[in-house]
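Comments concern the structure below.
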Amino acid sequence: MNEVELHHGSASDVGRVRSQNQDAFLAQPPVFVVADGMGGHADGDVASRLVIDEFTRLGSPSCSSREGAALVITTLRACHDRLLELAEAKHAAGETDWFSGTTAVVALVVEDEGGPKWLLANLGDSRIYKLSDGELDQVSTDHSLVQELHDAGEISAAEMRTHPRRNVITRALGGASFAQPDFFLLPLTSAERIVLCSDGVNGMIDDAEIEQILRDATDPRDAAERVVQAAVEAGGEDNATAVVVDVVGLARAGQVYDSEQQRMSLEEKLGALP
C-alpha cells in the first residue's frame, strides 16, 4: 500500500509519587503502543516492557484490517503467555506472590478497499483519543470498575475521577486467562491526530485540558511533552505517558519512511529550514 506520512511525538515521566516508571511506549510507524505496568505490583515495568518488545518485532507490517486484528491478538497473546511463563518460573523459585500485569493500547495503520485506516485496540484503562476539527473524542472505553459503575448509572463522570476504587482494572494482560481487546476502525481522514496515553495522564488532567493542549501544540512532539508535563504539574500521582500521531498526507509509493525524513519534514513545516 502507499505509505502514509505520519508525524509523531512521545513523552513519559515517572511523576511525583512513584519511584519507578512502569509505563512503556513504542512509536515505530505504522505501529504505536502505550503499555502501563500495573501499579502496586513489583514488576509492572517487566510487563509493559515485554509488550513493547513483542510489538517491536512486528517491524512495519502491511496488512488489511482483518489481518491487522489477527496480528494484534497474536502479539498480545504472546505477551500474555510470556507473563505466565515468568510467573511460573518466579513461583517455582519461591516468589509465590509474584505477579506482573499491564494494560495496552495499540494503533496500527491498515489498508482496506476504502483506503488506509486506523486499527485501534484497547485492553485496560489506558486510553485512545482522536482530535478532529479541533474537538477531542475518547475512542476507547476503559476496562475498569468505575467505567462499569458509570455505565450502570451509579456514579457520574466526575465521580469516576475520585472514586476510591478507580484503579481497579477489569481487563489486562497477565491475569489467569487471556482477555480479548476491544477493536475500533477509523478512516485516517476522520482524525487529524491520534493520542495514546496511560491513565497517569487522563487521571490528572481532564479531557478539556488535553484538548486545549492538542489544539495549541501543532508539533506532535511538543503536544506529547506538554500533555505529560501538565499531568505531572497537576500532581503527578502516577507515571504519565503520551504518544501523539498526526496524519499529514500520503507518501509516494516506495518512499522510505524514517526518522530523519520526519525530522526534516517537521522542521520545514515549522519554518526552521528554507
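Listed here is the closest heavy atom pair of Phe25 and Ser10: CE1-OG, 3.1 Å. Residue Ile169 comes nearest to Gly124 through the heavy atom pair CG2-CA, 4.0 Å, listed as atom of the first residue, atom of the second, then distance. The minimum heavy-atom distance between Leu173 and Met38, with the atom names listed, is O-SD, 4.5 Å. Ala240 and Ala231 make their closest contact through CB-CB, 4.1 Å (heavy atoms, listed as atom of the first residue, atom of the second, distance). The minimum heavy-atom distance between Val14 and Ser19, with the atom names listed, is CG2-C, 4.1 Å. When all heavy atoms of Leu76 and Pro181 are compared, the pair lying nearest together is CD1-CG, 3.8 Å.
A donor-acceptor pair is defined here as one N or O able to donate and one able to accept, closer than 3.5 Å; such a pair exists between the side chain of Asn122 and the backbone of Thr141. Although no hydrogens or angles enter the test, the distance criterion places no donor-acceptor pair under 3.5 Å between the side chain of Ser190 and the main chain of Leu186. At least one donor-acceptor pair under 3.5 Å links the side chain of Ser100 to the backbone N or O of Asp43. Formation of a donor-acceptor pair under 3.5 Å by the Gln20 side chain with backbone atoms of Gln22 is not found in this model. When atom types are taken as modelled, the side chain of Arg171 and the backbone of Gln180 share a donor-acceptor pair closer than 3.5 angstrom.
Side-chain atoms of Ser126 and Thr103 form a donor-acceptor pair, as typed in the model, at a separation below 3.5 Å. Inspection of the Ser12 and Asp23 side chains reveals no N or O donor paired with an N or O acceptor under 3.5 Å. Between Tyr129 and Asp207, the side chains place a donor N or O and an acceptor N or O closer than 3.5 Å (distance only, hydrogens not considered).
Atom CD of residue Gln212 and atom CZ of residue Arg226 lie 9.0 Å apart, to the nearest 0.5 angstrom. Of the inter-residue distances, the one linking Glu88 atom CD with Leu86 atom CG reads 10.5 Å to the nearest 0.5 angstrom. In this structure, OG1 on Thr170 lies 6.5 Å from NE2 on His143, to the nearest 0.5 angstrom. For the atom pair Phe178 CZ and Cys79 SG, the distance stands at 8.5 Å (nearest 0.5 Å). Note: Asn21 CG to Ser198 OG = 8.0 Å, rounded to the nearest 0.5 Å. Interatomic distance, CG of Asp199 versus CG of Asp142, reported as 8.0 Å (0.5 Å rounding).
For Asp216, the CG atom is densely surrounded, since the number of other residues' heavy atoms within 6.0 Å is greater than 12.
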- Message: I'd like to know whether Asp97 forms a salt bridge (Lys or Arg N to Asp or Glu O under 4.0 Å) with Lys90, so could you lay out the CA-CA distance, the side-chain angles of the two residues, the decisive distance to 0.1 Å, and finally the verdict.
- Response: CA-CA 9 Å; Asp97 294 332; Lys90 291 282 187 179; over 6 Å; no
- List the steps and the verdict of salt bridge (Lys or Arg N to Asp or Glu O under 4.0 Å) for Arg49 and Asp53. CA-CA 6 Å; Arg49 188 65 242 172; Asp53 288 347; 3.4 Å; yes
- Message: Using the rule given for side chain to side chain donor-acceptor pair (under 3.5 Å), can you reason through His7 versus Asp219, listing the C-alpha separation, both sets of side-chain angles and the distance that settles it, and then say yes or no?
- Response: CA-CA 8 Å; His7 292 176; Asp219 185 332; over 6 Å; no
- Message: Determine whether Arg82 and Glu85 satisfy the following criterion, salt bridge (Lys or Arg N to Asp or Glu O under 4.0 Å), listing intermediate values before the conclusion.
- Response: CA-CA 5 Å; Arg82 285 182 62 185; Glu85 290 172 3; 6.0 Å; no
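The pair Arg215-Glu211 meets the salt-bridge criterion, since a charged nitrogen lies less than 4.0 angstrom from a carboxylate oxygen. Comment: Asp112 does not engage Arg66 in a salt bridge, judged by the lack of any side-chain N to carboxylate O separation of less than 4.0 angstrom.
Taking hydrophobic clusters as Ile, Leu, Val, Met, Phe, Trp and Tyr residues chained together by side-chain heavy-atom distances below 4.5 Å, Ile205 does not share a cluster with Met160. If you chain together hydrophobic residues whose side chains sit under 4.5 Å apart, Val244 and Val248 never meet in one group.
With Val105 as the partner, the side-chain contact (heavy atoms from CB on, under 4.5 Å) test is satisfied by one option alone out of Leu196, Val195, Val243: Leu196.
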